[in-house]
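If you're wondering where the values come from, they're calculated on a predicted model, not measured in any experiment. Side chains included, hydrogens not; waters and symmetry mates left out as well; all remaining heavy atoms used.
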Amino acid sequence: MDMSAAGSKNLSLFALIMIGLGSIFGSGWLFGAGQAAQVAGPAALVAWVIGAVFIGMIAMSYAEVGAAYPLPGAMARFGSITHGPVLGFVSGWAVWIAIASLIPIESIAGTQYMSSWDFGWAQGLVSDGSLTASGMAMALFLTFALWFACYWSVALLARANTILTLVKFAIPVLAVAALIASGFHPDNFTAHGGFAPNGWSAVLTAVTTSGVVFAFNGFQAVVNLGGAARNAGRAIPLALVGALTLGLVIYLALQVAFLGSVPPEKLAEAGGWHGINFASPFADLAKLLMLHWVVTLLQFGAFISPCGANIGNVASASYLAQNLAETGFFPRKIAEVHPRYGTARPAMWLNLGFSVLLLLTIGHSWEALASVISAAMVVSYLIGPIAVGVLRRTKPDLPRPFRLPAASVLCPLTFAFAACALYWSKWPNTGKVTLLVMVSVPIAALVLRRRGDRNLARQFAAAWWMIGFLLWLSVLSALGSTEFGGHGVLPDGVDVALVGISALAFYFWAVRAGVQAHREGLTDPDPVPAPTHEPDPEAPVMPGQRSQEHEPVPS
């Protein structure tokens, strides 16, 4: 979306809900129910509710700033608007990692479901839950194939998005009906260790490591496109609630169908839910139940869902890279847009290289990559509630099509919830994500030096809260209870309480740092739409097109 599109205000509420729902149904539904059941047992149902509430809180904070700044890839810009260039790059780097990582994981999803095909070569793609050498080659092939399709024209693939969304919606609904009709076992919800066989800490872990947060991450599409909706102040929150509610209903139905359809003898043989480890959860379960037409349907859906979701992933990751280039922390060439196809090809090359790197290092399975990506996503969410708190103080007159109610209470609580979700990601995932984000700190210092800014202490003053927060949380994670992967120095219960209380302190530090940065003139100019004429709603939208920037109004 460009700013001219935002000015036309021609996007309906239904269309915005469908955009959100289409983004929510990527590969998450193919694996989330199986992975969550293995981690939390039947209590995985609670994990989906917690995940939806958490993402709903995050989404509403982004709804306010997203409607105020309806820019493509805006999540990479909020940090620089509120705290200045250093935090802008650190937070933008975290968002870029989270979104660009979605490109290879969708290819891994398609590859793992291919292993359920009745061909010898296909069954050799996965071994013991991990991609083999041939499986890695297939995942690389799928990544390159979709990337090249988007390389020539994102707009061409986007025209097929509505059809793909309807198909993606229909396949899980049909799968749920077929699995429940084939034989439902209510005893599965209480036998083999009870409703929560691995304890309630496993439920919290499932929220971030089993694809729950990963699945609901599609809310970002509503925030990014909400500025183009008619009556955005009403459309954005309604679309967020509508997309997340429909998504939750379907994911709960999928989870119930999976839990109730696993044959009791299979559960007994596996020693409980922790032993149920399907490479292609729903397809393997349908095979056990001799539902061959469902297997075929799911194998088809394993391509449709990831490919449909990856259209948005490729475009979003390119927008984010362009934003980082425009702020000067990525090479300017990355922001260049092809004059004919309207695609940011240098940005796409960068994202392809990052995708291949992830595939070859930690992308040996959907589950392994999803746990790290989910933690990175939580880090990318941190700036939302803080941006609301800072902008309410520094720019009270900023036009806000949507205002978050009770923001003074909800924003710190949302930040604390995000901190807990990151802690629930378990050690060493928290350490891995912190390390990935910390790579941006020396890069930021180097870029500022090359710009001729010698007073790095002044520039970094507004970003120390983020650096300190991630390092502090990693220490707590390493020392925390064994239920969350730590070394058991901090007892269970005390660890989570310490995370939540300290997060509140970091939130108020972050808001104060943003207010101070604004007073010292460190924040970036306000990127606002300023069309010189009424845009034509029929005009084609060219990805990468940007608005003019103006100096912020002094507060």
Side-chain angles (χ1 to χ4, degrees), residues 25-39 97 100-150 168 171 175 209-211 214-215 258 270 275-288 292 294-311 313-314 317 351-374 376 429 432:
F25 281 94
S27 61
W29 76 269
L30 295 167
F31 293 92
Q35 184 69 8
Q38 185 182 18
V39 172
I97 286 176
S101 301
L102 297 176
I103 300 173
I105 199 172
E106 303 294 359
S107 299
I108 293 173
T111 302
Q112 284 191 216
Y113 261 77
M114 285 178 68
S115 67
S116 65
W117 291 5
D118 293 326
F119 301 103
W121 65 267
Q123 294 172 358
L125 297 174
V126 176
S127 177
D128 295 327
S130 299
L131 298 181
T132 61
S134 60
M136 186 66 68
M138 178 58 69
L140 286 169
F141 170 77
L142 293 177
T143 298
F144 274 89
L146 182 66
W147 181 88
F148 271 112
C150 294
K168 287 192 299 180
I171 290 175
T209 64
S210 300
F214 173 86
F258 184 87
I276 301 296
N277 185 21
F278 294 136
S280 308
F282 282 105
D284 291 344
L285 180 57
K287 277 187 175 182
L288 278 177
H292 299 297
V294 176
V295 174
T296 303
L297 182 71
L298 290 167
Q299 290 169 343
F300 175 69
F303 282 97
I304 292 297
S305 294
C307 289
N310 246 354
I311 293 174
N313 296 337
V314 171
N351 294 329
L352 178 64
F354 182 67
S355 299
V356 172
L357 178 64
L358 283 179
L359 274 172
L360 297 178
T361 52
I362 60 177
H364 55 84
S365 70
W366 186 92
E367 293 80 3
L369 193 52
S371 62
V372 176
I373 290 176
S374 296
N429 290 332
K432 291 178 182 177

Tell me, please, which residues at least two apart from Leu297 pass side-chain contact (heavy atoms from CB on, under 4.5 Å).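 Once residues adjacent in sequence are excluded, the partners of Leu297 under the side-chain contact (heavy atoms from CB on, under 4.5 Å) criterion are Ile171, Leu174, Trp293.
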Evaluate the criterion side-chain contact (heavy atoms from CB on, under 4.5 Å) for residue pair Phe278 and Gln112; output intermediate values, then yes/no. CA-CA 10 Å; Phe278 294 136; Gln112 284 191 216; over 6 Å; no
Pairwise distance [atom1]([X]) to [atom2]([Y]) - rounded to 0.5 angstrom:
X	Y	atom1	atom2	value
Gln123	Thr132	CD	OG1	12.0 Å
Leu142	Ile103	CG	CD1	13.5 Å
Thr143	Met138	OG1	CE	11.5 Å
Leu369	Leu102	CG	CG	9.0 Å
Ser365	Asp128	OG	CG	11.5 Å
Ser127	His364	OG	NE2	13.0 Å

Looking at side-chain heavy atoms only, is the closest gap between [X] and [Y] below 4.5 Å?
X	Y	answer
Ile105	Phe31	no
Ser101	Ile97	yes
Leu285	Val294	no

Specify the closest pair of heavy atoms between [X] and [Y], including all atoms of both residues, with the distance to one decimal.
X	Y	answer
Pro104	Ser355	CD-OG, 3.5 Å
Ala283	Leu298	N-CD1, 3.6 Å
Gly34	Pro281	CA-CB, 4.1 Å
Ser134	Gly124	OG-O, 3.2 Å

Could you walk me through whether Leu131 and Val126 pass the side-chain contact (heavy atoms from CB on, under 4.5 Å) test, one step at a time? CA-CA 4 Å; Leu131 298 181; Val126 176; 4.0 Å; yes
